[in-house]
Structure formats: structure tokens, C-alpha cells
Amino acid sequence: MAARTKRIVHDENTRRKIRATQLINRLTDHVMDKVDMKATQVNAALGLLRKCLPDLAAVEWSGEVATRGVEEMTKDELREAIERITDAQKAAEGDEQKGRARELDKVH
């Protein structure tokens, strides 16, 4: 097999994700009895995962959410809401087109 002429270079974020995936795969294999790991290895892997991945702690909302139905809104409030949504969609489409233009610039 021929050697690669272009080496794949991963940025630090990609390397971190690969390492986290390897740890997760190893721990999963241990849980499924495919790999035998010592308790110290499991603890080390879990500690490294805590460093790599964000901790998904539960957040409790203690406030009150006030929502009004469309039926309760005035015509002016409805127009404003529609304008905000339309403006947000146009901005998102503009950002998407800029992204496509940047990709085309990179290619050409």
C-alpha cells in the first residue's frame, strides 16, 4: 500500500475528542465484559473524561415562565413577533451564504 502524500493534521480540539472517544470506548468495552480493567484504570479513565468532557449537571429553574397564546396578543405584538422571526431568518440565511462563499474561496 502506498504511503500518504498528504498527512492529515488534526487541531487540538479534534485530538481531544479522539482521546475522549477512545476512553469512552474502552470503558464501554469494560462494562460489556469485552475488556478487563483494574479499578485504578477505571478511576483514571473517569478522571481523564472529567477533564475532557463538560460535566452535564442538572439545572433547576425556580422562576416562573409566563407565556401568552397568539389569541391573547394584539395585532401590533403579532407584527413585532413576526418581524423579529423574519429578521432572524434573514440574518441566518446571510450567515449561511457568507459561509458558503468562504468555502468557495478556500477551494478556488
Side-chain angles (χ1 to χ4, degrees):
M1 178 180 233
R4 287 187 177 171
T5 56
K6 292 183 182 179
R7 293 194 57 167
I8 298 173
V9 179
H10 296 296
D11 63 347
E12 186 57 37
N13 190 29
T14 304
R15 286 189 205 122
R16 187 171 47 250
K17 287 179 183 176
I18 291 170
R19 279 186 236 127
T21 302
Q22 290 172 345
L23 289 169
I24 292 168
N25 290 341
R26 184 78 171 176
L27 288 168
T28 302
D29 288 345
H30 175 66
V31 169
M32 303 303 277
D33 287 331
K34 294 179 184 177
V35 173
D36 189 32
M37 293 175 70
K38 296 178 184 177
T40 55
Q41 291 174 314
V42 172
N43 286 335
L46 291 173
L48 289 171
L49 273 178
R50 284 188 204 103
K51 297 275 186 185
C52 295
L53 300 176
D55 187 18
L56 301 176
V59 177
E60 184 177 328
W61 175 259
S62 60
E64 189 174 314
V65 178
T67 58
R68 293 185 353 187
V70 175
E71 302 84 18
E72 299 170 3
M73 296 175 78
T74 66
K75 286 184 180 181
D76 290 336
E77 290 173 329
L78 283 171
R79 279 192 203 105
E80 287 176 19
I82 291 170
E83 286 175 8
R84 281 195 307 271
I85 293 169
T86 304
D87 291 344
Q89 286 176 335
K90 287 179 183 176
E93 288 171 2
D95 290 343
E96 188 176 311
Q97 289 175 355
K98 287 178 187 175
R100 285 190 199 133
R102 284 188 205 115
E103 288 298 317
L104 288 175
D105 288 343
K106 287 179 186 177
V107 173
H108 297 290

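Residue numbers run from 1 in the order of the sequence given. Values reported hereafter were calculated over all heavy atoms of this structure, with side chains retained and with hydrogens, waters and symmetry mates removed.
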**Prompt:** Can you list the steps and then say if Arg26 with Gln22 is a side chain to side chain contact (heavy atoms under 4.5 Å, CB included)?
**Reply:** CA-CA 6 Å; Arg26 184 78 171 176; Gln22 290 172 345; over 6 Å; no
**Fill in**
Output for pair (Leu48 CG, Asn43 CG), nearest 0.5 Å, gives 11.0 Å
**Message:** Measuring from atom CD of Glu83 to atom CZ of Arg79, what distance do you get when rounded to the nearest 0.5 angstrom?
**Reply:** 8.5 Å
**Message:** Tell me every residue that passes salt bridge (charged side-chain N to carboxylate O under 4.0 Å, His left out) with Glu77, counting only those two or more places apart in sequence or in another chain.
**Reply:** Arg68
Show me, pair by pair, the donor-acceptor contacts under 3.5 angstrom made by side chains of residues 29-42, not counting sequence neighbours?
unit_1	atom_1	unit_2	atom_2	d
His30	ND1	Val35	O	3.2
His30	ND1	Met37	N	3.3
Gln41	OE1	Lys38	N	2.8

**Request:** Just jot down the side-chain contact (heavy atoms from CB on, under 4.5 Å) partners of Ala20, sequence neighbours excluded, or say none.
**Result:** Leu49, Cys52, Leu53
